Q: 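So that we are looking at the same thing, I have put the structure below in structure tokens.
Order of appearance sets the numbers: ligands from 1, and atoms from 1 within every ligand. Every value quoted in this text rests on a predicted model; they were computed, and no experiment measured them.
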Amino acid sequence: MRPALTRRTVLGLMAGSAAATFTGISAGTARAAVPASPGVTYTNTIAEQRADPHIFKHTDGFYYFTATVPAYDRIVLRRATTIQGLTSATETTIWTKHATGEMGGYIWAPEIHFIDGKWYIYFSAGAANDIWRIRPYVLECADPNPITGTWTEKGRIALPLDTFSLDPTTFAVNGTRYLVWAQDNPPVFGLGTNLYIAQMSNPWTITGTPVLLSRPTAAWEKAGGATVNEGPAVIQKNGKVFITFSASATDANYCMGMLTASASADLLSASSWTKNDGPVFASFAATSQYGPGHNQFTVSQDGKSDILVYHDRSYKNISGSPLNDPNRRTRVQKIYWKADGTPDFGIPVAD
Ligand code: AHR
């Protein structure tokens, strides 16, 4: 999420919030909550004050959990043999921001991945002397247990454009690894973060020219005074690749959009991707869930259900900047699949 509001965006904020109130996207597009099938009912909240959650189910029988902490100053890890167990699991700080220089500002949205036998954490960081100089970085751990193991800094993911860039996520299709991230390009597109994809030559390096996948152009992507596509997350199913992302300001306007491509298509071609016209997951007043987003995906213990992992707040109105409100909390719920092979995220279920 980009920093301070300029005068222009303050005006947009007033208009945007009115527009956000008007859209009422949750009332218009929500389905009645479908009860989760046995074995995948969870008690939410999974973790209080843990935003941008990432849960990774490893082959060692553990779920690994990381997320953004309100202080934006460190990377924490938990592990448990069940998703629900993460709630009470011990939380270990595996890395702390630098006192000076890069990786010394805001620390945002860590993700933990296991690639070619090693652990990697992808995250965004500002600089100690410029907290808004946000760029993507990678840590690596070769030990079996990433909570007790040694983490080394692989450094910044070099991007051709040196601008505000955040929320890196990685996935592989047919043996090719990709990176998707959010980045702005003010001279070309003005204020706002867009989604880009590039192939990776190793887990901390992209190769080739990044491809623009999505820009925030619709009202639901520009509500609350922020023009935002960010927080990409990938789930593959039914021969398709789905990239969900978050849009608008990180308050009650925050919601999820989705891009879809065939797994056999050229994923580095923008024309392979189609974008849903409206949000696929949004605030829902009837269950008192506001600003759901910056999601990720995992699977149930029996491996039979796909699980949506996301954050939101239990209240709609925030005083001051949403980034200074600490109460984005981690939640999970079962994903249902439509007959056409696409995910139906439904509504954010009640606590
Ligand atoms: O939570 C910190 C940042 O807020 C995340 O990196 C971004 O997705 C959101 O705007």
Q: Pull out every atom of ligand 1 sitting under 4.0 Å from any heavy atom of R328, numbered as shown with elements.
A: 1 (O), 2 (C), 4 (O)
Q: Could you tell me, atom by atom, which parts of ligand 1 come under 4.0 Å of a heavy atom of A109?
A: 6 (O)
Q: When you measure from the side chain of T152 to the backbone of E140, do you find a donor-acceptor pair of N or O atoms at a distance under 3.5 Å?
A: yes
Q: Out of D167, V228, N229, whose heavy atom is nearest to atom 6 (O) of ligand 1?
A: D167
Q: Strictly under 4.0 Å, does any heavy atom of L323 approach an atom of ligand 1?
A: yes
Q: Mind checking whether F123 contacts ligand 1 via backbone (N, CA, C, O), side chain (CB onward), both or neither, at a 4.0 Å heavy-atom cut-off?
A: neither
Q: Output the list of atoms in ligand 1 that are nearer than 4.0 Å to some heavy atom of E230, sorted by atom number.
A: 7 (C), 8 (O), 9 (C), 10 (O)
Q: Is the Lys NZ or Arg CZ of R78 less than 6.0 Å from the centre of F65's six-membered ring, within 45° of the axis?
A: no
Q: Report yes or no: is the cationic atom of K118 (NZ for Lys, CZ for Arg) closer than 6.0 Å to the six-membered ring centre of Y120, at no more than 45° off its axis?
A: no
Q: Any atoms of ligand 1 less than 4.0 Å from a non-hydrogen atom of T250? List them with their elements.
A: 9 (C), 10 (O)
Q: Taking all non-hydrogen atoms of both residues, which atom of F164 and which atom of W132 are closest, and how far apart?
A: CD1-O, 3.6 Å
Q: Before signing off on this row, confirm whether S124 and ligand 1 have an N or O atom pair separated by under 3.5 Å.
A: no
Q: Tell me if a side-chain donor or acceptor on Q296 pairs with a main-chain N or O of I55 at a distance below 3.5 Å.
A: no
Q: Distance check, rounded to the nearest 0.5 Å: I46 atom CD1 versus I83 atom CD1?
A: 7.0 Å
